[in-house]
Amino acid sequence: MTVRAAVERLGLVETGVTVADRLLGRIRGTVKTAGGRGGGALTFGAGSHVIGRRNITFQGAFTCGRRCRIEAVTVHLATPYQPTLVFGHGVALSDDVHIACAQQVVLGTDVLIGSRVLITDHNHGQYHGDAPSRPEEPPNRRALSTAPVIIGDNVWIGDLVTILPGTVIGSGCVIGANSVVRGHVGPGQILAGAPARTLRVFDPQRGQWVAAHD
């Protein structure tokens, strides 16, 4: 599935732009707020920061806890980027969450995220292919490598989870605490581990979460 198809499937389409400086003193400029399911307030905990707000879209109500960092990277080492960071209606973040976007990160509706979670669509450096980054090169001087991250509706992400570039998580998934997730995950699964693996899947006919090997 292409990134465009995934975004269209999630229904995350911007429908309007609103100046929202009054919502948070640290946000200076324009925050995009799209008319999602009934709209809703944007609530930010103490010490939270929003960076690159012109490239961030809120589809409706949004809540984050303390010391969160929501970042759309528009330039690195003089190289411009055009990130698209989209939050569906009802997304809720706990404390110390870092979401970093240099290409595309999309969170569906009613996503719940625990504390100290990292979601990123980019790495410092390239470690595959014919021209990889070299060990003697300082990491902060390496060009960014990017791959979109798509998270479906009703996903619950536990504490201390890391979601790496190129990850697609289907709707209704549960990601256990301390997991590291990379790759494509189908809907209705429970994952845990580093790297994360599927432990249970939801069987709609039985109405139960069953072991992945059943």
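- With sequence neighbours left out, Thr146 forms a side-chain hydrogen bond (donor to acceptor under 3.5 Å, both in side chains) with Gln103.
- Residue Ile190 is not grouped with residue Val155 when hydrophobic side chains (ILVMFWY) are merged at heavy-atom distances under 4.5 angstrom, including chains of intermediate members.
- Looking at residues two or more places apart in sequence or on another chain, you find a side-chain hydrogen bond (donor to acceptor under 3.5 Å, both in side chains) between Ser94 and Ser115.
- When all heavy atoms of Ser48 and Gly65 are compared, the closest pair comes out as OG-O, 2.8 Å.
- By the salt bridge (Lys or Arg N to Asp or Glu O under 4.0 Å) test, Arg67 is found to be paired with Asp96, residues two or more places apart in sequence or in another chain being considered.
- When all heavy atoms of His76 and His124 are compared, the closest pair comes out as CE1-CE1, 3.7 Å.
- Test Asn55, Asp121, Val105 against Pro83 for side chain to side chain contact (heavy atoms under 4.5 Å, CB included) and you get one pass: Asn55.
- Side-chain atoms of His89 never come within 3.5 Å of backbone atoms of Gln59 as a donor-acceptor pair (strictly under, hydrogens ignored).
- Of all the heavy atoms in Asn178 and Val161, the pair that sits closest is N-CG2, 4.1 Å.
- In this structure, the side chains of Val86 and Leu107 stay at 4.5 Å or more apart for every pair of heavy atoms.
- In this structure the side chain of Val180 never reaches within 4.5 angstrom of the side chain of Pro195, judged on heavy atoms.
- By the ring pair (Phe, Tyr, Trp, His ring centres under 6.0 Å) test, Trp156 is found to be paired with no residue, residues two or more places apart in sequence or in another chain being considered.
- Val185 meets the side-chain contact (heavy atoms from CB on, under 4.5 Å) test with Cys173, Val181, Gln189, Leu191; sequence neighbours excluded.
- Atom-to-atom distance recorded for Asp153:CG and Asp110:CG is 7.5 Å, nearest 0.5 angstrom.
- Under a 3.5 Å cut-off, the side chain of Asn123 and the backbone N or O of Gly125 do not form any donor-acceptor pair.
- Judged as a side-chain contact (heavy atoms from CB on, under 4.5 Å), and not counting sequence neighbours, the contacts of Thr120 are Ala100, Leu118, His122, Pro165.
- Shown here for Leu77 and Ala143, the closest heavy-atom pair between the two residues is CD1-N, 4.2 Å.
- Residue pairs that meet the salt bridge (Lys or Arg N to Asp or Glu O under 4.0 Å) test with at least one member in residues 69-85, sequence neighbours left out, are Arg69-Glu71.
- To the nearest 0.5 Å, atoms OG1 (Thr63) and CZ (Phe87) are separated by 11.5 Å.
- Remark: Arg200 engages no residue in a side-chain hydrogen bond (donor to acceptor under 3.5 Å, both in side chains) (not counting sequence neighbours).
- Counting non-hydrogen atoms of other residues, nucleotides and ligands closer than 6.0 Å to CD of Glu136 gives a total above 12.
- The closest side-chain heavy-atom distance from Cys68 to Val97 is below 4.5 Å.
- You'll find the side chain of Leu93 reaches within 4.5 Å of the side chain of Ile99, heavy atoms only.
- Scored by the salt bridge (Lys or Arg N to Asp or Glu O under 4.0 Å) test, Arg66 finds Asp95 as partners (sequence neighbours excluded).
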Self-check item: Verdict with reasoning, Val73 to Leu144, per side chain to side chain contact (heavy atoms under 4.5 Å, CB included)
Solution: CA-CA 10 Å; Val73 179; Leu144 299 182; 4.3 Å; yes
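- Considering every non-hydrogen atom in both Gly158 and Val117, the closest pair reads O-CG2, 3.2 Å.
- Arg182 is linked by a salt bridge (Lys or Arg N to Asp or Glu O under 4.0 Å) to nothing, counting only residues two or more places apart in sequence or in another chain.
- Shortest non-hydrogen contact noted between Phe44 and Ile70 is CE2-CD1, 4.3 Å.
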Exercise. Applying side chain to side chain contact (heavy atoms under 4.5 Å, CB included), run through Val106 and Val149 and close with a yes or a no.
Key: CA-CA 6 Å; Val106 178; Val149 172; over 6 Å; no
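- Looking at residues two or more places apart in sequence or on another chain, you find no side-chain hydrogen bond (donor to acceptor under 3.5 Å, both in side chains) involving Gln82.
- Legend: ring pair (Phe, Tyr, Trp, His ring centres under 6.0 Å) pairs involving residues 186-208, not counting sequence neighbours, sorted by first then second residue: Phe202-Trp209.
- Taking OG from Ser145 and CD from Gln126, the interatomic distance works out to 5.0 Å, rounded to the nearest 0.5 Å.
- Looking at heavy atoms from C-beta onward, Ile151 lies out of side-chain contact with Val168 at the 4.5 angstrom threshold.
- Taking OH of Tyr127 as the reference point, atom CZ of Arg142 lies at 4.0 Å (rounded to 0.5 Å).
- The closest side-chain heavy-atom distance from Phe62 to Thr43 is not below 4.5 Å.
- With a 4.5 Å cut-off on side-chain heavy atoms, Ile157 and Ile163 count as touching.
- A 4.5 Å side-chain heavy-atom check between Val111 and Asn154 finds every atom pair outside the cut-off.
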